[in-house]
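One structure below.
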Amino acid sequence: MSYLVLSGSLYPESRSRILAEKAVALLQTQAVPVEYVDLREFPLPLCDGDKSQINLNVLKLKSIIARAQGILLAGPVYNYAVNSALKNAVELTGEVWNDKVIGFLIAAGGKNSYMSFMSFGNSLMLEFRCTIIPRFVYSTADDFNGENLPSAELQRRLKELTTGLIRYTKALRKNQINS
């Protein structure tokens, strides 16, 4: 099993990136192979359905996603939806998302957009047959203390999600092997 944490925020002081980095650290303490991609350091073209598909960073990202069985997607909520950078990454990489286990790490401005990632999750589920972990981490600024450090409660929820990612991925993989 290998895992990927993909940070989709392009904002320099992103709270969702903090969640992503904490998730990587938690996965590493559980002794599983994990890769981390920060889209700020991985510039992608806008998906045009043509030449963008052969961009070197797109090809590299496809390879990274293809290796992972379980993926945590970290991103902000913009206008009650996933940000465009994450959506663009999925549009560019397409079929390598098939049959992945997906979890969400969400940073939002307020408490009212907690279902904002559901349409994104539905598209991954319907288009690529991804398994979406029903428990996700949704956070607001109130979940961070001082220097943008996650509160104890937020850290507990991050641990639950990373543990769940491993459990779901192993169970799904075992089921695929046995069928």
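Any value given below was found using the heavy atoms of this structure, including those in side chains, with hydrogens, waters and symmetry copies removed. On a predicted model such as this, the values are computed, not experimentally measured, just so you know. Along the sequence shown, residues are numbered consecutively beginning with 1.
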Which heavy-atom pair separates [X] from [Y] by the least distance, and what is that distance?
X    : Y   : answer
A23  : V5  : CB-CG2, 4.5 Å
A89  : L39 : CB-CD1, 4.1 Å
V58  : S52 : CG2-O, 3.4 Å
E127 : N98 : O-OD1, 4.4 Å
L158 : K22 : CD1-CB, 3.8 Å
I54  : L59 : O-CD1, 3.7 Å

Within the supplied structure, the quantity of interest is the number of heavy atoms (other residues, nucleotides, ligands) at a distance under 6.0 Å from [X] [atom1]; does it exceed 12?
X    : atom1 : result
F128 : CZ    : yes
M1   : CE    : yes
L126 : CG    : yes
K159 : NZ    : no
N112 : CG    : no
R135 : CZ    : no

Between [X] and [Y], is there a donor-acceptor pair closer than 3.5 Å when you use the side chain of the first and the backbone of the second?
X    : Y    : result
K100 : A68  : yes
N79  : A81  : no
Q69  : S2   : yes
R17  : Y11  : yes
N122 : M125 : no

Item to check | Stepwise salt bridge (charged side-chain N to carboxylate O under 4.0 Å, His left out) check, R156 with E153 | outcome: CA-CA 5 Å; R156 182 191 65 74; E153 171 61 17; 2.6 Å; yes
Checklist entry - Can you list the steps and then say if S7 with Y36 is a side-chain contact (heavy atoms from CB on, under 4.5 Å)? => result CA-CA 8 Å; S7 176; Y36 175 62; 3.7 Å; yes
Please examine the side chains of [Y] and [X], heavy atoms only from C-beta on, and report whether any two atoms are closer than 4.5 Å.
X    : Y    : value
K62  : E95  : yes
S139 : L19  : yes
V101 : I71  : no
L72  : Y3   : no
D99  : T131 : no
K60  : F42  : yes

Please check if [X] and [Y] belong to a single hydrophobic cluster, counting links between Ile, Leu, Val, Met, Phe, Trp and Tyr side chain heavy atoms closer than 4.5 Å.
X    : Y    : result
L161 : Y114 : no
I102 : F136 : yes
F117 : L6   : yes
L73  : L44  : yes
V77  : F104 : yes

Item to check | Candidate pair L26 and T163, rule side-chain contact (heavy atoms from CB on, under 4.5 Å), full reasoning | outcome: CA-CA 9 Å; L26 284 167; T163 302; over 6 Å; no
Checklist entry - Name the one of L10, N83, V82 that satisfies side-chain contact (heavy atoms from CB on, under 4.5 Å) with P76? => result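 When L10, N83, V82 are each tested with P76, the side-chain contact (heavy atoms from CB on, under 4.5 Å) holds only for N83.
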Checklist entry - Going through the checks in order, is the salt bridge (charged side-chain N to carboxylate O under 4.0 Å, His left out) test met by R15 and D143? => result CA-CA 10 Å; R15 287 191 310 270; D143 292 307; over 6 Å; no
For [X] and [Y], test the side chains for any donor-to-acceptor distance below 3.5 angstrom and give the result as yes or no.
X    : Y    : result
R173 : T169 : no
S113 : Y138 : yes
T162 : Q30  : yes

Item to check | Working for side-chain contact (heavy atoms from CB on, under 4.5 Å), residues L46 and N88 | outcome: CA-CA 7 Å; L46 289 176; N88 186 55; 4.2 Å; yes
